[in-house]
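Beneath this line is the structure, given in structure tokens, with notes to follow.
Each ligand, and each atom within it, is numbered from 1 in the order the structure gives. All values reported here derive from a predicted model rather than from experimental measurement.
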Amino acid sequence: MTAGGAVGTPPDVLPDPLYPTLGQPGLDVQHYDVRLTVPAPGTPDLRSDTTLSVRADRDLNDVRLDYSGPRVLNVTWNGQSVPYRHTTGQDATPDKLIIQRSLPAAQDARIRVTAAGPARGVPDPTLNITLGWQSVPATPTQPGANFTFSEPDGTHSLIPCNDHPSDPATFTTTLTVPRGVTAVASGSRLADRAHLNGTHSVTFTLTTPVPTYALGISVGTLDTVRRPDLGAAGQRITLTDYFPTSVPDAVRAPYARTGDILTALSGWFGLYPFSTYGSAVVTPDLPALETATLSTMPVRSSRERVIVHEVAHQWFGNAVPLASWTDTWLNEGFATYAELLWTQAQGQDAAPLLRSWRDRLRPGTRPLTATTRAQMFDATAYARGALALHALRTQVGDDAFRTFLHTYTRTRAGQPTRTEDLLHLTRTVLGPQAADLLNAWITQPDLP
Ligand code: TRP
Ligand code: ZN
């Protein structure tokens, strides 16, 4: 799904300045039906059967999906086998699954890809992390596990996809795992069916479009902790957290506040965009990630402040997607600012947090738009982004700021969004002075 659903990818969105090979201009994936079998949790072994419902906003000579996952077994187009070519990133060619079939403008097709083999993720030397499918081998004290960590472009290490946030889509995910193993994914849980061969299949459905990197999956020996539902403004939100059985109570404790956090942030941001939420705690030492409706929370990040941050991303990043990787500050600035909103909602002083953000920028800062991949998740994206929003709020006051946030999340949901779009909205909702102030925070080399 892209801007406005039927409108398609805005022509100026791709190629992305920081990731010029990701995504295909003109291709609009509306839905992914993902079926994964994890035969031996903790190992990279994977079988996948993915059906993409696609549409084009211009005539395409072929369909070029991002893909670097297990070996492709078969590709069908509306049910019929179709020729394909899989290029890999080896000799400077991008990782693409090229399907040799033309797709005329405004026409729909269903593309089904089956694959099997080891999924090892993609090492990202700049971000210093392996993205995509993660395998946590069994140890004497802990059974094996797998999960996704995909921002910015790890999802194509798992399934073929249009791996750019400007093409958000809905997802149905069915996970087949051995009996006794818990499998969870982004969205609401539908069915859990036991099979005679000792496996079971669980299906999740996510009906709000999100970027591909936000697809969250977690498989392991997990305790499921169901919290009381949240019901407000005619909304009903189910809350469920998942903890590896080896994880102690001290790690689990802060997650009991999730419902209060969702309630407090909804007051500022508007209706929560999904019908379920929770955290899937994982043991490796990675950053936390705001996977849709199911944040991926390393043991080390199991703190209230990080929970707040990932909940905020459900609006900023997941419901409202980026148009470009240069604008990560739109995600990280709002999510970081949410930490201050929560601090104040608790009746605590926000001054130490404001000071800590300024301290983080002491070594240096830059205009908010990133010009390199290394800047995407740097201190400027987080701390300067948050300070910019605080400056705006201080100028316009709480009521206007709340209206502005509600308008942003309502009007930009599902719409690939740029810094310019935020500035435009600032001008229309808050006036030219506010827009000028925000613009200074966005563009000046040093802090205004
Ligand atoms: N978006 C994540 C968060 O702040 C952070 C993140 C995602 C990240 N991918 C990354 C940080 C890669 C460093 C490298 O919640
Ligand atoms: Zn973040």
Starting at [atom1] of [X], measure out to [atom2] of [Y] and round the result to the nearest 0.5 Å.
| X | Y | atom1 | atom2 | value |
| --- | --- | --- | --- | --- |
| W357 | Y382 | CH2 | OH | 13.0 Å |
| T208 | N318 | OG1 | CG | 10.0 Å |
| T126 | F377 | OG1 | CZ | 11.5 Å |

Does ligand 1 have a heavy atom under 4.0 Å from the side chain of P152, from its backbone, from both, or from neither?
->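 Looking at P152 and ligand 1, no heavy atom falls under 4.0 Å.
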Record the part of E290 in heavy-atom contact with ligand 1 below 4.0 Å; permitted values are side chain, backbone, both and neither.
->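 Only the side chain of E290 comes within reach of ligand 1.
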Proximal ligand 1 atoms for [X], defined as those under 4.0 Å from one of its heavy atoms:
| X | answer |
| --- | --- |
| H309 | 3 (C), 4 (O), 15 (O) |
| E332 | 1 (N), 2 (C), 3 (C), 4 (O) |
| L289 | 7 (C) |
| H313 | 3 (C), 4 (O), 15 (O) |
| A288 | 2 (C), 3 (C), 5 (C), 15 (O) |

With a 4.0 Å cut-off on N to O distance, would you call [X] and [Y] a salt bridge?
| X | Y | result |
| --- | --- | --- |
| D399 | R402 | yes |
| D124 | R373 | no |
| D57 | R55 | no |

May I ask you to identify the nearest protein heavy atom to atom 7 (C) of ligand 1, giving residue, atom name and distance to one decimal place in Å?
->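 For this ligand atom, the closest protein heavy atom is E151 OE1, 3.1 Å.
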Would you mind checking which non-hydrogen protein atom is closest to atom 5 (C) of ligand 1, with the distance to 0.1 Å?
->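 Among all protein heavy atoms, the one nearest atom 5 (C) of ligand 1 is Y382 OH, 3.3 Å.
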Taking atom types as modelled and ignoring hydrogens, do the side chains of Y408 and T426 form a donor-acceptor contact shorter than 3.5 angstrom?
->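 Judged by distance alone, the side chains do not pair up.
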Would you please indicate if the ring centroids of Y337 and W268 are separated by under 6.0 Å?
->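 Between Y337 and W268, the centre distance exceeds or equals 6.0 Å.
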Once rounded to 10°, what is the value of the angle centred on the Zn ion (ligand 2) between H309 NE2 and H313 NE2?
->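 Answer comes to 100°, rounded to 10°.
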Shortest-distance N/O/S atom, E332 versus the Zn ion (ligand 2) |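 In E332, the heteroatom (N, O or S) nearest the Zn ion (ligand 2) is OE1.
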With a 4.0 Å cut-off on heavy atoms, is Y213 touching ligand 1?
->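 False for this residue.
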